[in-house]
There are 2 protein chains.
Amino acid sequence: METARGLRKTLHDRGMRMTPQRQLVLDAVRSLEHATPEQICQRVQETAPTVNITTIYRTLDLLDRLGLVRHTHLGHGAPSYSVDDHQHVHLVCHVCGSIQEIPCELLDPLVGTLRERDGFELDASHLALSGTCRDCLTQEQETE
Amino acid sequence: METARGLRKTLHDRGMRMTPQRQLVLDAVRSLEHATPEQICQRVQETAPTVNITTIYRTLDLLDRLGLVRHTHLGHGAPSYSVDDHQHVHLVCHVCGSIQEIPCELLDPLVGTLRERDGFELDASHLALSGTCRDCLTQEQETE
DNA sequence: TTATGTGCAAACTATTTGCTCGTCT
DNA sequence: AGACGAGCAAATAGTTTGCACATAA
C-alpha cells in the first residue's frame, strides 16, 4: 500500500521508525473517518489487543504534526480525527448534536474575504460550524 | 444595575432564586470576556473566596440555558464564556494560538447559503474559525 | 416546611508524563 | 552501544455527581 510506503519514508527521513502500531493507527483513522482517540484505540485493539491508549495519543499527535491526519473539535468531548485528504466542513447542530458534511468550496467566498480583510488564511478543511439543523428548526416551529 | 434586575426577574419567573454567587458569576463573565470556568472562578473568588468551582460550573450552565451567556470551544482545553450580547466571530490561529475577533456580519453570505442549501441555521455568534494568522504566515514565508 | 442553592468530597473522562524495558541499527 | 518506541502506572486538567446542610419563600 502506498500509505504504508509514504508513511515509512516520511518517518525514515526524520530518523523515525515505522512500527506496526503506527500503521494500525493510520489505517484506523482512514477507515473510521471522524473517530475519537478512544474509538481509534478500540479499532486498533481488534488487531493488536495490547496496544496502549497512550500509544494512540502519541501516534495521533505525530501523524498530525506530519500532516497525515488532522483533528477537529466538534463541540464538547474528545476531538475527531480524519486523514488529511478527507476534506469537508462539518455542520454541528447544537440542539440534537447531529453532524452533516458539506463541501469546503462553499466557504471559498469567506476564505477570500478573510484573506483580504485580515490577512488570515482560513483552513476550511478543519472546520466545524455550529447552528441548528433543519429537523430541529422544524420542531421548534411546531412547538410555537 | 439592569443586569441584576434582568437576571433576578428571569430567575424568579422560573421559581429560581437570585443569589450573590449567580450575580458574581454573571459580572465576571461580563467583565472578563472569553474566560474559562477556571478564570471566572478566580475572579469571583476575589470577592467571595469561599465560592466553589462546582457552583461556577452549575451557574454557567444555568446562565447558558437561560441565554444570558454563551460558550465557544476555541480549540483544545476549556470552553470560553461570554455574555450573549458580546457577539463576534473568532479567528483562531492554529500555529500560535492567537485569537482575533471579527464582526458576525462577515458571515452573512455564508449564513444565507447554508440556509438555502441545507436548511441549516448557522449561529455566527458561536463561532471559532481556525487557520493561520498574518504573523504566522509571514514567518512561514521567511523560512522558505 | 419544602423547594432551591451551595459547599465539599469523590467520581469520572480525556489526556499527558515519567520511567523502564525492548528493539532496530 | 545508542537512539527510538511502546507499555504501564501515575499524574493532571476539566467536569460532573451525590449528599448533607443552609436558607429564602
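Here is the naming used below: chain letters follow the sequence lines, and residue numbers restart at 1 for every chain. No hydrogens, no waters, no symmetry mates; every other heavy atom, side chains included, goes into these values.
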In whole Å, what is the span from the [atom1] atom of [X] to the [atom2] atom of [N]?
X       : N      : atom1 : atom2 : value
B:Met16 : C:dA3  : CE    : P     : 15 Å
B:Gln21 : C:dG7  : CD    : C1'   : 10 Å
B:His73 : C:dA14 : NE2   : P     : 13 Å
A:Glu38 : C:dT15 : CD    : P     : 9 Å
A:Arg17 : C:dT25 : CZ    : C1'   : 7 Å
A:Leu74 : C:dA14 : CG    : P     : 14 Å
B:His12 : C:dG5  : NE2   : P     : 12 Å
B:Ile56 : C:dG5  : CD1   : C1'   : 14 Å

Hey, where on DNA chain D does chain A first and last touch, going 5' to 3'? Cut-off is any atom under 4.0 Å from a heavy atom. D:dA3 to D:dA9

Tell me whether B:Glu33 contacts the main-chain N or O of B:Ser82 through its side chain, where contact means a donor paired with an acceptor under 3.5 Å.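 Judged by distance alone, no pair lies under 3.5 Å.
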
Hphob cluster co-occupancy, B:Leu7 + B:Val69, side-chain heavy atoms under 4.5 angstrom: yes

Heavy atoms only, 4.0 Å cut-off, all strands: where does [X] land among base, sugar-phosphate and nothing?
X       : result
B:Thr36 : nothing
B:Pro79 : sugar-phosphate
B:Gly77 : nothing

Evaluation steps, ring-ring contact (aromatic ring centres under 6.0 Å, His included), between B:His94 and A:His71: CA-CA 11 Å; B:His94 58 58; A:His71 70 274; 9.3 Å; no

Of all pairs that satisfy ring pair (Phe, Tyr, Trp, His ring centres under 6.0 Å), the ones with a partner from residues 96-120 of chain B, not counting sequence neighbours: none

B:Arg58 vs A:Thr19, nearer the 5' end of DNA chain D by closest nucleotide: A:Thr19

Reading DNA chain C from 5' onward, which residue's closest nucleotide shows up sooner: B:Leu11 or B:Thr54?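 This one resolves to B:Leu11.
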
Evaluate the side-chain proximity of A:Val51 to A:Val25: yes if any heavy-atom separation is below 4.5 Å, no if none is. no

A:Val83 side chain near A:Leu26 side chain, heavy-atom distance below 4.5 Å: yes

Whether B:Thr55 contacts C:dG7 is assessed here as follows: a side-chain N or O lying under 4.0 Å from the phosphate OP1 or OP2. Is that the case? yes

Please determine if a side-chain N or O atom of B:Arg22 lies less than 4.0 Å away from the OP1 or OP2 oxygen of C:dG5. yes

Can you tell me which residue among B:Val29, B:Ile53, B:Asp27 is in a side-chain contact (heavy atoms from CB on, under 4.5 Å) with B:Ile40? B:Val29

